[in-house]
Amino acid sequence: MMPFVDLKLQHKKIESELKEAINRVFEESNFIFGKDIELLEEEFVKYIGVNFGVACSSGTSALHLALLACGIKAGDEVITTPHTFIATVEAISHVGAVPVFVDIEDTTYNIDPALIEKAISKKTRAIIVVHLYGQCANMELILNIARKYDIRVIEDCAQSHGALYKGRKAGSVGDVGCFSFFPGKNLGAMGDAGIVVTNDKDMSVHMKALRNHGRKDKYEHFIVGYNYRISSFQAAILRIKLKYLDENNKLRQAAANQYNNLLKNSGFILPVVGEENSHVFHLYVIRTQLRNQLVKMLQKNGISVGIHYPIPIHLQIAYKFLGYNKGAFPVAEKIANEIISLPMFPGMTLDNIIDIVEMVKKSSRELKASTSQLEEMA
Ligand SMILES: *Cc1c(COP(=O)(O)O)cnc(C)c1O
């Protein structure tokens with residue numbers, strides 16, 4: 001069985017370091033505000049190239065904190081795409097704001113900057129830009145629009161730890177960057193965790209208070225906050241894994257290159273990387289019209305694949321109330337039926353990739369043959 005992601009393999013290489021860190025936190029027994037949390041914040045913001053970091057309980061809480069710190073509230077509108085993980089949109093709902101969707105580019109699957117201005121109204125206060133699959137959206141065009149209309153730019157970097165846009169790290173380009181450390185992300189904890197980063201000191205102070213019940217000190221609370229704290233165990237684990245992030249991203253890029261070479265001219269639409277981008281391949285996503293049948297065949301033959309994501313958010317039952325219909329976002333809807341994520345993780349071998357690609361090609365040849373047979377019979 002070819003796994004989709006192999007965390008055991010990733011952790012095996014650094015097992016003794018990880019266990020040492022876990023033992024240290026165990027000995028210190030300062031589980032909620034241990035020193036690893038501040039150290040993680042310091043080390044991570046240095047890596048990203050910004051001034052302040054607020055480690056928190058998940059990527060979803062990171063997005064919620066960012067929206068709160070940007071002052072987004074009930075009745076405001078926040079622009080994002082329907083082609084993302086639902087958490088991006090849930091965070092908008094959590095502050096009582098209205099998600100306003102903009103379609104994606106057919107090439108990068110990120111927000112299409114050419115369509116943003118049409119979606120801006122008097123109520124628009126922010127854009128959540130999702131750097132999907134490991135590649136940054138076109139930030140220059142987005143920032144120009146944001147400046148023109150005086151709206152905030154929040155980067156959802158849950159899939160793009162270490163990705164570069166014009167040489168700058170994802171999360172350092174907009175007003176605030178939100179990261180998830182869900183185990184399967186490019187930088188993952190051993191449980192839920194996240195972080196928000198920014199150059200704005202006031203925002204970081206505000207978010208630190210919101211993260212911990214709006215506390216001034218133990219018994220004084222000056223704003224209504226949340227319990228969005230990170231565990232000391234997760235912070236200690238992430239500090240170790242951060243040291244290997246670049247190396248692991250390079251392994252992902254090498255695997256993506258091998259996939260590209262082996263899949264070229266085979267009829268699939270392959271990932272398109274923008275000139276100004278360094279893509280960190282959280283996911284390796286290709287497209288085919290025979291997607292549903294291909295997924296079934298690959299699973300049957302022991303290859304775990306994914307679909308990120310099969311139902312655009314505007315067509316989810318949870319967001320029916322927004323009133324969007326089928327056809328509202330043609331690119332997002334079209335690619336949702338065609339995308340397939342192949343196994344991708346640091347440490348996959350060339351042999352793994354050759355086996356996967358052979359099975360992908362063989363399955364798609366068989367599917368094409370049987371569909372053309374059906375067509376002839378019809
Ligand atoms: C994973 C993910 C999130 C949510 O992160 P959690 O840590 O699971 O809360 C948000 N946005 C995107 C694009 C993601 O991939």
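We use all heavy atoms of the structure for the numbers below, so side chains are in, but hydrogens, waters and symmetry mates are not. Owing to the predicted nature of the structure, the values given are computational and were not obtained by experimental measurement. First listed ligand is number 1; within each ligand, the first listed atom is number 1.
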Inset, instruction - Please confirm whether Lys185 comes under 4.0 Å of ligand 1, counting heavy atoms of the residue only. - result: yes
Legend entry - Result of checking Ile111, Ile145, Ile142 against Ile79 for side-chain contact (heavy atoms from CB on, under 4.5 Å): Ile111
Inset, instruction - Could you tell me the residue and atom name of the protein heavy atom closest to atom 9 (O) of ligand 1, and the distance to it rounded to 0.1 Å? - result: Thr60 OG1, 2.5 Å
Inset, instruction - Can you see which heavy atom on Ile303 is nearest to which on Asp355, and at what distance? - result: CD1-O, 4.5 Å
Inset, instruction - Starting from atom 13 (C) of ligand 1, find the nearest protein heavy-atom neighbour and note its residue, name and distance. - result: Asp156 OD2, 3.5 Å
Legend entry - CA sep, side-chain torsions, deciding dist, call: Arg168, Glu155, salt bridge (Lys or Arg N to Asp or Glu O under 4.0 Å): CA-CA 13 Å; Arg168 292 168 68 185; Glu155 299 179 70; over 6 Å; no
Inset, instruction - Considering only non-hydrogen protein atoms, determine which one is nearest to atom 7 (O) of ligand 1 and report residue, atom name and distance to 0.1 Å. - result: Ser180 OG, 2.6 Å
Legend entry - Presence of salt bridge, Glu358 and Lys362, under 4.0 angstrom: no
Legend entry - Asn110 and Tyr133: CA distance, side-chain angles, deciding distance, side chain to side chain donor-acceptor pair (under 3.5 Å) verdict: CA-CA 9 Å; Asn110 283 325; Tyr133 301 157; over 6 Å; no
Legend entry - Contact summary for Arg252 and Phe281, nearest pair of heavy atoms: NH1-O, 3.2 Å
Inset, instruction - Number the atoms of ligand 1 from 1 as they appear, then name those within less than 4.0 Å of a heavy atom of Ser58, with their elements. - result: 7 (O), 9 (O)
Legend entry - Salt bridge Glu43-Arg239, side-chain N to carboxylate O under 4.0 Å: yes
Legend entry - Proximal candidate to atom 6 (P) of ligand 1 [heavy atom criterion; set Cys178, Pro183, Gly59]: Gly59
Inset, instruction - Give the atoms of ligand 1, by number and element, whose distance to some non-hydrogen atom of Thr84 is under 4.0 Å. - result: 13 (C)
Legend entry - Heteroatom proximity flag, Gln159 to ligand 1, N/O under 3.5 Å: yes
Inset, instruction - Considering the heavy atoms of Thr88, write down every atom of ligand 1 situated less than 4.0 Å from one of them. - result: 11 (N)
